[in-house]
Amino acid sequence: MSRPRLAETYADLRDGVEAFARTVVAPVAAEHDEAHSFPYDVVARMGSAGYFGLPFPEDVGGQGGDYFALCLAIEELARVDSSVAITLEAAVSLGAMPLHRFGTAQQRARWLPALTSGEALGAFGLTEPGSGSDASGLRTTAVRDGDAWVINGSKAFITNSGTAITAFVLVAAVTGRTPDGRPEVSTILVPSGTPGFSVSPPYSKVGWNASDTHGLSFDDCRVPLDHLVGEEGRGYAQFLQILDEGRIAIAALAVGLAQGCLDESLQYASTRQAFGRAIGDNQAIAFKLADMEVRAHTARLAYHDAAARMLAGEPFKHEAAVAKLYASEAAVDNARQATQIHGGYGFMNEYPVARMWRDSKVLEIGEGTSEVQRMLIARSLGL
Ligand SMILES: Cc1cc2nc3c(=O)[nH]c(=O)nc-3n(C[C@H](O)[C@H](O)[C@H](O)COP(=O)(O)OP(=O)(O)OC[C@H]3O[C@@H](n4cnc5c(N)ncnc54)[C@H](O)[C@@H]3O)c2cc1C
């Protein structure tokens, strides 16, 4: 395995999370996947370890680190369990980060300490049953009525929205119209348990089985006016910024899965015997492993570059889309090859690669499909 050089603090963090993933996450990953159960114990231990606070300042309970540190942690977790990795990714990058970036001082003080400690989770509700890639088609509305917003509509596929520790969902809603009739979107924080806010039963998914995903509905749901997050009507701009960053984190998650597939396959190929020798002694298998390493390594460099640009305050939209696209496709390819190398055992859930194969596909869909990434990349090429 080839790893890019890291400054000592990042390397220490990565090594610490690698050990945590191996000793705390991996032993229960298959069990939670099979039971479709949310790993509360693991999440609590991740909270104690400070992972939910990685990119936030200390005054809101964070670790004073940065977004790259978060990505390194996500990558190491995803080497053994994508469900746990996406739980962290969505909680930090989609749940807490919008409040940190756009919230008022009161909102940050009220909500962030519980989020950065992992005691509570926030969710991000943009996608709707009728609109995903085309977020301009969202139909949920929020109308001012006295001292409240009244929200009506529904959301689909929302991560971390229905756990026992979910504190709120950030709802993207149409709050007005521009003079030429286009919808103006705002972000409104709806606390869990608010009357009129209901959470549907969990989806039956192909993968990410231990991650919490629900449809949500809002039926004359009233929240105080001060639950608006950021400027009224600026919701799209906020989402675009959050999703650009989120793509780097999803790329890191995909790299972790691609690497996990390689870890498992290397071990298996050196022990599984066929025709009197280890299957890895056949060039056909060795070349698959070499290609898996190239994909994981290249994808890792791509997300490191996007994160470095972001932290330097440079434009990074193009690099984030490249990293997300390449890494998610690398993860799917590596998962397919890992299953192949494991033969029949690769199709059995008792082997981690079977779970990794099921977990890989959604990486080409969530936080912008591969087609959407190609649209962004083509646009940045002037097309
Ligand atoms: C497990 C899971 C968790 C998720 N978590 C969240 C969450 O926490 N919050 C949230 O808001 N959303 C979440 N999502 C939603 C996710 O972001 C959307 O599913 C994704 O953006 C795609 O939207 P869609 O499903 O509506 O597909 P559609 O937009 O309907 O797309 C269907 C297909 O058409 C293609 N397509 C669409 N437009 C074009 C075009 N112009 N050119 C070419 N091809 C096109 C797409 O690429 C795709 O292949 C989650 C999804 C999943 C599966």
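Computed from heavy atoms alone, side chains included, the values below leave out hydrogens, waters and symmetry copies. Both counts, for ligands and for their atoms, begin at 1 and track the order of listing.
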In the protein, which heavy atom is nearest to atom 41 (N) of ligand 1, and how far is it?
Met375 SD, 3.7 Å
For Trp208, the ligand 1 atoms whose distance to one of its heavy atoms is below 4.0 Å:
1 (C)
Does either side chain, that of Glu128 or that of Thr140, offer a donor lying less than 3.5 Å from an acceptor on the other one?
yes
Any nitrogen or oxygen of Leu126 lying under 3.5 Å from a nitrogen or oxygen in ligand 1? Just yes or no.
yes
Looking only at N/O atoms, are Thr159 and ligand 1 under 3.5 Å apart anywhere?
yes
For the OH atom on Tyr345, are there more than 12 heavy atoms of other groups (residues, nucleotides or ligands in this structure) within a distance under 6.0 Å?
no
Here the atoms of ligand 1 under 4.0 Å from any heavy atom belonging to Thr369 are 22 (C), 46 (C), 47 (O)
Is the shortest distance from atom 4 (C) of ligand 1 to a protein heavy atom below 4.0 Å?
yes
Run through the side-chain heavy atoms of Ile, Leu, Val, Met, Phe, Trp and Tyr, join any pair under 4.5 Å, and report what else lands in Ile377's cluster.
Val322, Leu325, Leu381, Leu383
May I ask you to check whether Ser161 and His214 show a side-chain donor-acceptor distance below 3.5 Å?
no
What protein heavy atom sits nearest atom 21 (O) of ligand 1, and how far off is it?
Ile365 O, 4.0 Å
Does atom CD of Gln273 have more than 12 heavy-atom neighbours from other groups under 6.0 Å away?
yes
Ligand 1 to Thr127, heavy atom cutoff 4.0 Å, flagged ligand atoms 10 (C), 11 (O), 12 (N), 13 (C), 14 (N), 15 (C), 16 (C), 17 (O)
Counting only heavy atoms from other residues, nucleotides and ligands, does the tally under 6.0 Å from CZ of Arg222 exceed 12?
yes
Atom 13 (C) of ligand 1: which protein heavy atom is closest, and how many Å away?
Phe157 O, 3.2 Å
Going by the side-chain contact (heavy atoms from CB on, under 4.5 Å) test, name the single residue among Val43, Leu70, Thr116, Leu115 that passes it with Phe52.
Val43
Near Arg234 CZ, under 6.0 Å, is it more than 12 heavy atoms from other residues, nucleotides or ligands?
no
Any chance the rings of Tyr51 and Phe20 have centres within less than 6.0 Å?
yes
In the protein, what heavy atom is nearest to atom 9 (N) of ligand 1, and what distance, to one decimal place, separates them?
Phe124 O, 2.8 Å
Out of all atoms in ligand 1, which are within 4.0 Å of some heavy atom of Ile158? Include the element for each.
7 (C), 8 (O), 9 (N), 10 (C), 11 (O)
Centroid separation under 6.0 Å, is that true for the rings of His304 and Phe68?
yes
Ignoring hydrogens, tell whether any protein atom lies closer than 4.0 Å to atom 26 (O) of ligand 1; use the non-hydrogen atoms only.
yes
Does the protein place a non-hydrogen atom closer than 4.0 angstrom to atom 34 (O) of ligand 1?
no
Pair Glu245 + Arg101, salt bridge at N-O below 4.0 Å
yes
When distances are taken from atom 38 (N) of ligand 1, the protein heavy atom at minimum range is Ser133 CB, 4.3 Å
Check ligand 1 against Val362 and write out every atom of the ligand that is under 4.0 Å from a heavy-atom position of the residue.
1 (C), 53 (C)
For Tyr10, side chain to side chain donor-acceptor pair (under 3.5 Å) partners two or more places apart
Asp66
Given the protein's heavy atoms, is any one of them under 4.0 Å from atom 30 (O) of ligand 1?
no
Looking only at protein heavy atoms, what sits closest to atom 49 (O) of ligand 1 is Glu371 OE1, 3.4 Å
Check ligand 1 against Glu367 and write out every atom of the ligand that is under 4.0 Å from a heavy-atom position of the residue.
17 (O)
Can you sort out which atoms of ligand 1 are near Gly132, meaning under 4.0 Å from one of its heavy atoms?
23 (O), 24 (P), 26 (O), 29 (O)
So is there a nitrogen or oxygen of Thr213 less than 3.5 Å from a nitrogen or oxygen in ligand 1?
no
